[in-house]
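Keep in mind that this is a model prediction, so the values were computed, not measured.
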Amino acid sequence: MKFTNKFTFITSAIVLTCISLVLVGGLFSLRSLSLKYHQQRIDSIIEVIEKQLDKQTTVTQFDHWLPDLLDASGIVRLEVKRDDVTVYQNYFESREYYPMRLLLSYSYTLEKYPNVHLILHTRQPFSELKFTFWPLVGIGTAIFLSLSLLYFALRWIKRSFYGAELLERRARYLLQNNPTARFAQKGEWPKAASKALDVLSERLENSRKERSVFDIHIRGKAFLDEATGIGNRLAFDNRLDTVVMDESFASSSLILVSLTELSTLKYRFGSAESEKIIAQMVDLLNHFCRRFDDSFYGRANKSEFVILLPQMDYDETKVVAKQLTRSLFQLQLPDPDMIENFFHVGVVNFPYGSKTELIIDDVNRAVLVAEHQKMSGWHISEENLKHTVIAKGTVRWRTLLSDVLEKKSLLLYQQHVMERDAVGIVYSELWPRILGDDQEVISAGTFMPMAEKCGLQAQIDRQMLEKVLALLVQRGEASTPISVNVCSHLLMNKENYKWFLFELMQKPKKLRNNLVIEISEHLIDKHYYPLRTAIVPLQKIGCQVAIDNVGKYVINTQYILDFNIDYLKLHSSLVRDIHLRSTNQVAVQSLLASCLNSDAKVIAVGVENQQEWKCLLRLGVYAGQGNLFTSPKRMRVIDIR
């Protein structure tokens, strides 16, 4: 209840209670006074009778004046007894009948004549009272004036305290991290408190920005090249380790571009021209890698750049290498003739589980082979050794995925997120899988890009969510929460989003509390406000929100407070061999510090051994996920309609 409503309710209750007490008290006082006055009149009658007995008045003499006196005093019956002998009885039997239950009874013993006993029955003091118009008008007018004054007083109170309500609403928005709380509303009162909130909000916003900028600075120093702002050698090593150990990537490609004549160009034309070429390379790589999902590009050293393309087979790698070479020939050099021997490209395609040292050796060897060609070009390592990967044309993929959708044969695999004690379960993360033509299990990293090419991604996402919702009902309210990774297309598509929200609203709140929605960090950075608009309603109906792949890119962490997230999941590139990499430890500490002013809990993903886990526990993570605890297992879902 709002403050003004509470205040007006209490004020109205007090005033109305006072009016009621005055009316009730007046009635009781009037009745008490009337009874007292009636008692005095009866005492006077008794005194008169006692005096007449002193004068030895006869019964006949009493009959002349006593009836009129008794009638004027409201006495209906009188009985006089002397020594239990009735002297007078029922004087007024012929008068109007009054029921005994409506009469007041009095019994007296005369002081001077102890043997004489009087019993009187009188009418109620108010029995003959009739309420006339004017007295009622006076009382009604007084009540009306009191209620009118109360009404105007309450209106004045509401107007006066409206500014306080605005101030209270703004304070509540501040507690909810609502961005509208940054701006004061017209009419806020007290003004001093409103100005104080303005100052505090501005300071809080500045401190958050400084914290985010500081966090970016720390991680940027660790993982970004200072001159170009793209990934450095450490970031490349982390990403390569992650791609090699990710079973969802059947095969990937590594491309090393060596600007072999960059030092010659710098010597001939100066540092300024050399920096221009580096800037051109950064723009070229940015534009080139934008076409590939989950790609990475960075600067290995002053004259070498690397490109890492996950989920790329051998034939596709050759096509990409040719396209990159054509793009490199477009570099604008001070001397156009230098382009003929300015760069050399080494390419290697490697399967899941390869050793990183061998991959780097192979790509360096490929660069040397390209250099021996005495002209700018590319070379792919071990051309005759093609890896066995899942390679299907678009038509075959469409057939396979359409069959999966028709039969609703999408598989769900789960892996637990474990608490610090490695016993309690925070929640279970779910991944989609499908069976290939040879009954091999195909991961989402393999078939989802093809589903997007075939235009079936939205249907697969919807079937995945249908199975997850059915699983929620199947597991019940007391079960461990489950999480599902939701793509930005589903949340930003109005039709699919309304369907998802409607389906969730049909479930009890306790079931909705058991669902964790996971969104990738780079999608938050790319679609900040549309995703925030979609996530807030999901949080309000009880769903939890987790951001995964945190640390994969150097991104502003302001979203931690703006989105009011529940879990922050570190990318496995930060977790891999963290006990041996002090830079990764600094980056994790920076992300943990970004969560200090929020309720977000940090989860480490891809924990493989005890050394990594002990280091993460020492840094202060909330939970862990990886093969050290549990491996992904298939789940069986009963279709509930």
Side-chain angles (χ1 to χ4, degrees), residues 1-50 66-79 90-109 111 118-169 187 189-190:
M1 186 182 292
K2 294 189 295 185
F3 170 76
T4 306
N5 292 341
K6 291 181 181 178
F7 190 82
T8 53
F9 174 76
I10 293 173
T11 304
S12 304
I14 291 173
V15 173
L16 293 176
T17 302
C18 291
I19 293 175
S20 302
L21 289 176
V22 169
L23 291 175
V24 173
L27 290 175
F28 277 101
S29 299
L30 180 62
R31 183 176 183 277
S32 178
L33 289 173
S34 300
L35 291 174
K36 187 173 182 181
Y37 176 70
H38 188 65
Q39 179 70 45
Q40 290 177 351
R41 292 176 63 186
I42 298 300
D43 291 342
S44 300
I45 297 298
I46 300 302
E47 185 178 355
V48 170
I49 293 175
E50 191 172 11
L66 186 58
D68 294 330
L69 179 63
L70 295 177
D71 188 29
S73 301
I75 299 174
V76 176
R77 293 182 178 84
L78 172 64
E79 184 178 2
N90 296 330
Y91 267 89
F92 314 110
E93 291 180 356
S94 61
R95 296 179 180 271
E96 184 179 352
Y97 174 74
Y98 294 95
M100 289 295 295
R101 59 185 179 82
L102 298 179
L103 300 178
L104 296 177
S105 177
Y106 296 92
S107 179
Y108 292 91
T109 299
E111 184 178 354
L118 276 68
I119 300 174
L120 297 90
H121 294 83
T122 68
R123 297 190 295 270
Q124 296 279 354
F126 304 102
S127 61
E128 301 297 332
L129 182 64
K130 295 182 180 180
F131 290 95
T132 58
F133 175 74
W134 290 110
L136 290 177
V137 168
I139 296 174
T141 302
I143 295 175
F144 176 75
L145 288 176
S146 300
L147 295 178
S148 299
L149 290 174
L150 176 62
Y151 171 74
F152 287 109
L154 295 180
R155 283 191 62 186
W156 178 82
I157 289 172
K158 285 189 174 182
R159 287 182 179 178
S160 300
F161 283 92
Y162 179 69
E165 286 186 359
L166 294 177
L167 196 65
E168 182 190 17
R169 183 192 305 169
W189 177 86

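Within the model, atoms CD1 of Ile75 and CD1 of Ile42 stand 4.0 Å from one another, a figure rounded to the nearest 0.5 Å. In this structure, Thr109 OG1 and Ile119 CD1 are separated by 9.0 Å, a value rounded to the nearest 0.5 Å. Atoms CG and CZ, on Leu149 and Phe144 in that order, are 9.5 Å from each other to the nearest 0.5 Å. From Trp156, atom CH2 reaches atom OH of Tyr151 across 16.0 Å, with rounding to the nearest 0.5 Å. The CD1 atom of Ile157 lies 7.0 Å from the OG1 atom of Thr8; values are rounded to the nearest 0.5 Å. Glu79 contributes atom CD, which lies 9.5 Å from atom CG of Leu118 (distance to the nearest 0.5 angstrom).
You'll find the side chain of Val15 stays beyond 4.5 Å of the side chain of Leu147, heavy atoms only. Two residues are said to be in side-chain contact when any heavy atoms from C-beta on lie closer than 4.5 Å; Leu120 and Ile46 meet this criterion. Side-chain contact between Ile143 and Leu23: present, with at least one pair of heavy atoms (C-beta onward) separated by less than 4.5 Å.
The shortest heavy-atom contact between Leu104 and Arg123 is CD1-O, 4.4 Å. When all heavy atoms are compared, the tightest approach of Ile19 to Ser146 is CD1-CB, 3.6 Å.
Residues in residues 38-49 take part in these side chain to side chain donor-acceptor pair (under 3.5 Å) pairs, two or more places apart or across chains: His38-Thr122, Gln39-Asp43, Gln39-Tyr108, Asp43-Tyr108.
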May I have the step-by-step check of side-chain contact (heavy atoms from CB on, under 4.5 Å) for Leu35 and Arg31, ending in yes or no? CA-CA 6 Å; Leu35 291 174; Arg31 183 176 183 277; 3.3 Å; yes

